[in-house]
Amino acid sequence: VNNGLIVSFGEMLIDFVPTVSGVSLAEAPGFLNAPGGAPANVAIAVARLGGKAAFVGKLGDDEFGHMLAGILKQNGVSGQGILFDQGARTALAFVTLRADGEREFMFYRNPSADMLLTPDELNLELIRSANVFHYGSISLIVEPCRSAHLRAMEVAKEAGALLSYDPNLRLPLWPSAEAARTQIMSIWDKAEVIKVSDNELEFLTGSDKIDDESALSLWHDNLKLLLVTLGEKGCRYYTKNFRGTVDGFHVKSVDTTGAGDSFVGALLCKIVADRSVLEEEAKLKEVLKFANACGAITTTKKGAIPALPTEPEVLTLVKG
Ligand code: ADP
């Protein structure tokens with residue numbers, strides 16, 4: 001189906017990032033606001049590439065929530081699945097890459113509006129119209145948004161959507177590493193397309209090896225495509241019939257935030273346009289080259305959403 005709808009489910013929030021890099025949050029002289037949230041980034045990535053996208057999630061009925069809804073709209077993402085919570089406020093995160101190379105996070109989730117999404121208030125009509133239903137976020141961590149997440153997946157599946165999952169592990173938000181692994185694996189065998197980063201592969205398998213054996217230990221019968229992203233090295237792909245690597249692009253990276261979401265958005269755009277990319281290796285490799293280029297460009301600018309490319313920009317890099 002050409003130009004089918006990609007529905008992305010989960011959270012949208014604002015990251016506050018120090019105005020100077022390499023400092024701890026306490027030392028930051030000030031902060032810039034960087035709208036994000038992996039599922040929202042994916043929806044915008046799709047729309048920027050010319051695809052049809054909708055975001056399903058809950059925001060606070062506050063200044064930040066309306067700002068975020070405005071960003072989705074300006075970028076051409078359907079807002080039919082956005083809800084505003086009358087009580088709780090929009091989720092906020094303070095994120096810094098310290099001088100010692102460690103990422104430091106602080107979250108406002110007290111609870112935040114996204115956590116309060118209930119199954120009853122989902123726009124089921126919108127979810128049923130999805131050609132691809134993408135999820136993978138912090139909405140799996142707590143109730144009631146966990147139940148909303150599970151219900152949305154079920155409804156999309158029943159309606160015939162392809163399910164796409166990116167676990168987007170954010171360990172500091174989980175009560176424990178064990179809880180994260182258990183919950184992520186509890187929905188593992190539902191998705192037909194799964195993208196993990198090399199670090200997530202290590203975490204989920206509990207092995208420090210990133211090889212075919214460890215990737216394939218995560219294989220399940222419903223899966224059509226498993227991707228392991230390797231940062232600047234590109235990605236490794238696995239299907240029932242073939243596997244391989246597609247090299248990444250050399251670019252001047254300044255901020256890798258959103259690279260994975262950009263990669264997923266590009267991949268889903270291509271899958272929606274032609275499902276046979278999941279079965280034909282030559283086509284899949286072309287698509288992954290495009291997705292790698294999309295991810296690479298996203299690292300060349302600060303922030304996630306401002307760095308997501310348009311199709312002509314991606315094609316320029318692909319064609320060299
Ligand atoms: P995640 O953001 O999920 O951790 P990665 O960092 O592996 O995922 O990035 C996703 C994709 O973006 C990679 O597969 C690659 O194609 C591209 N990418 C990421 N970082 C770079 C980089 N430094 N240079 C070039 N491409 C990159």
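Heads up: numbering here begins at 1 and tracks the sequence. Start at 1 and go down the list; that is how both ligands and their atoms are numbered.
- Scanning the protein for heavy atoms near atom 9 (O) of ligand 1, the closest one is Ala259 CB, 3.7 Å.
- Considering backbone and side-chain atoms alike, Thr256 places every N or O at 3.5 Å or more from each N or O of ligand 1.
- Residue Leu150 holds its CG atom at 10.0 Å from SG of Cys145, rounded to the nearest 0.5 Å.
- With rounding to the nearest 0.5 Å, the separation of CG in Leu230 from CG in Asn199 is 10.5 Å.
- Checked against Val95 for a side-chain contact (heavy atoms from CB on, under 4.5 Å), the options Leu25, Asp15, Thr257 give a single hit: Asp15.
- Note on Arg151 versus Glu158: no salt bridge recorded, every NZ/NE/NH1/NH2 to OD/OE distance being 4.0 Å or above.
- Any N or O atom pair closer than 3.5 Å counts here, and Cys235 shares no such pair with ligand 1.
- Summary of contacts: the protein heavy atom closest to atom 3 (O) of ligand 1 is Lys195 NZ, 2.4 Å.
- Using a 4.0 Å cutoff on heavy atoms, Lys233 does not count as a contact of ligand 1.
- Distance alone, capped at 3.5 Å, places no donor-acceptor pair between the Asp61 side chain and the Gln86 backbone.
- Contacts of Ser78 classified as side-chain contact (heavy atoms from CB on, under 4.5 Å), with partners at least two apart in sequence or in another chain: Ala54, Gln80.
- Contact analysis leaves Gly248 out of contact with ligand 1, as no non-hydrogen atom separation drops below 4.0 angstrom.
- Annotation for ligand 1: atoms under 4.0 Å from non-hydrogen atoms of Ser253 are 22 (C), 23 (N), 24 (N).
- Only the backbone of Leu230 comes within contact range of ligand 1, with a heavy atom under 4.0 Å; no side-chain atom does.
- Checked by atom type, the side-chain pair Thr118/Asp120 shows no donor-acceptor distance below 3.5 Å.
- Rounding to the nearest 0.5 Å places CZ of Phe107 at 11.0 Å from CZ of Phe94.
- By the criterion of a heavy-atom distance under 4.0 Å, both the backbone and the side chain of Thr229 are placed next to ligand 1.
- In this structure, a donor-acceptor pair under 3.5 Å is absent between the side chains of Asn241 and Thr239.
- Proximity annotation for atom 16 (O) of ligand 1: of Asn292, Ile297, Val228, Asp261, Asn292 comes nearest, heavy atoms only.
- Among all non-hydrogen protein atoms, the one lying nearest atom 18 (N) of ligand 1 is Gly231 O, 3.6 Å.
- A salt bridge does not link Lys283 to Glu286: none of the charged side-chain nitrogens sits closer than 4.0 Å to a carboxylate oxygen.
- If you check which protein heavy atom lies closest to atom 25 (C) of ligand 1, you get Phe249 O, 3.1 Å.
- Which parts of ligand 1 touch Ser197 is read off a 4.0 Å heavy-atom cut-off, strictly below it: atoms 4 (O).
- Applying the 4.0 Å criterion to heavy atoms of Gly295 picks out, from ligand 1, the atoms 12 (O), 17 (C).
- By the criterion of a heavy-atom distance under 4.0 Å, both the backbone and the side chain of Ala296 are placed next to ligand 1.
- In this structure, atom 14 (O) of ligand 1 lies nearest to the protein heavy atom Gly234 O, 2.8 Å.
- In terms of polar-atom proximity, Gly260 is counted as a contact of ligand 1, with an N or O under 3.5 Å from an N or O of the ligand.
- Scored by the salt bridge (Lys or Arg N to Asp or Glu O under 4.0 Å) test, Arg243 finds Asp212 as partners (sequence neighbours excluded).
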